[in-house]
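Here is the structure we will look at.
Keep in mind that the numbers below use all heavy atoms, side chains included, and drop hydrogens, waters and symmetry copies.
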Amino acid sequence: MRFHVITNVWGERHTRLFIDAALPNLLSAGNLPALAKAHDVRYRMYTTPQDRARIEASAQGKHLARLMPVDFLTPLGDVVPDVFYHVHWFHRAAAEAKRDEAIAVLVGPDTFWSDGTFRRCGEVMERGFKAIATPFLQVAAE
């Protein structure tokens, strides 16, 4: 099966949270590594050029790039997106996943997942499920 894991991330606070907390969590053995071992997985990030550079330069970003293809999409260039772009880009990413016959996995930049969540999602989708609801709340706040 083909999966597109999608994160919209920009700005100092969210990019730092993503690099320092969420991405290490996603890279736990039962999450992205397990999903990538069993399936064709691509990570897609909507961001800004500045935040792309920060993510790519981080140890976690480099680890992710060794694990799977990573697409950085910067459709607004250096313009800092308004908050509503989260919704717009998730819709765009879901449409692109559908076009590529991939399952869209929407991942917030400040969310955490139990180790094994992504492996289990892959197993459930293999059994023929059409969708899995894994709503996330903001988990990191001042």
Quick one: are Tyr43 and His4 in side-chain contact, heavy atoms under 4.5 Å? no
Counting distance only, does the side-chain N/O of Thr7 pair as donor-acceptor with the main-chain N or O of Gly108 below 3.5 Å? no
Under the 3.5 angstrom rule, does the side chain of Thr15 hit a backbone N or O of Gly11 as a donor-acceptor pair? yes
Over all heavy atoms of both residues, which pair between Arg54 and Ile19 is shortest? Give the atoms and the distance, please. O-CD1, 3.7 Å
Contact check, side chains of Pro109 and Met45, non-hydrogen atoms, under 4.5 Å: no
Would you check if there is a donor-acceptor pair between the side chains of Asp51 and Thr48 at a distance under 3.5 Å? yes
Val87 reachable from Trp10 in the ILVMFWY side-chain graph, under 4.5 Å edges: no
Hey, does the side chain of Asn25 reach the backbone of Trp113 with a donor-acceptor pair shorter than 3.5 angstrom? yes
Any chance you could lay out the side chain to side chain donor-acceptor pair (under 3.5 Å) test for Asn31 and Ser28, step after step, and finish with the verdict? CA-CA 6 Å; Asn31 285 335; Ser28 63; 3.0 Å; yes
Transitive ILVMFWY side-chain link Val79 to Tyr85, under 4.5 Å: yes
Can you tell me which residue among Asp40, Val41, Ile103 is in a side-chain contact (heavy atoms from CB on, under 4.5 Å) with Met1? Ile103
Would Thr47 and Phe72 count as a side chain to side chain contact (heavy atoms under 4.5 Å, CB included) here? Give the steps. CA-CA 7 Å; Thr47 190; Phe72 287 94; 4.0 Å; yes
Using the six-membered ring wherever Trp is involved, compare the ring planes of Trp89 and Tyr46 and label them parallel, tilted or perpendicular (cut-offs 30° and 60°). parallel
Tell me the closest heavy-atom pair linking Thr117 and Ser114, and the distance in Å. OG1-O, 2.8 Å
More than 12 heavy atoms of other residues, nucleotides or ligands under 6.0 Å from CD of Glu123: yes or no? yes
Ignoring hydrogens and angles, tell me if any N or O in the side chain of Arg2 forms a donor-acceptor pair with the backbone of Asp100 under 3.5 Å. yes
What one should report as the nearest heavy-atom pair of Ile6 and Ala104 is CD1-CB, 3.9 Å
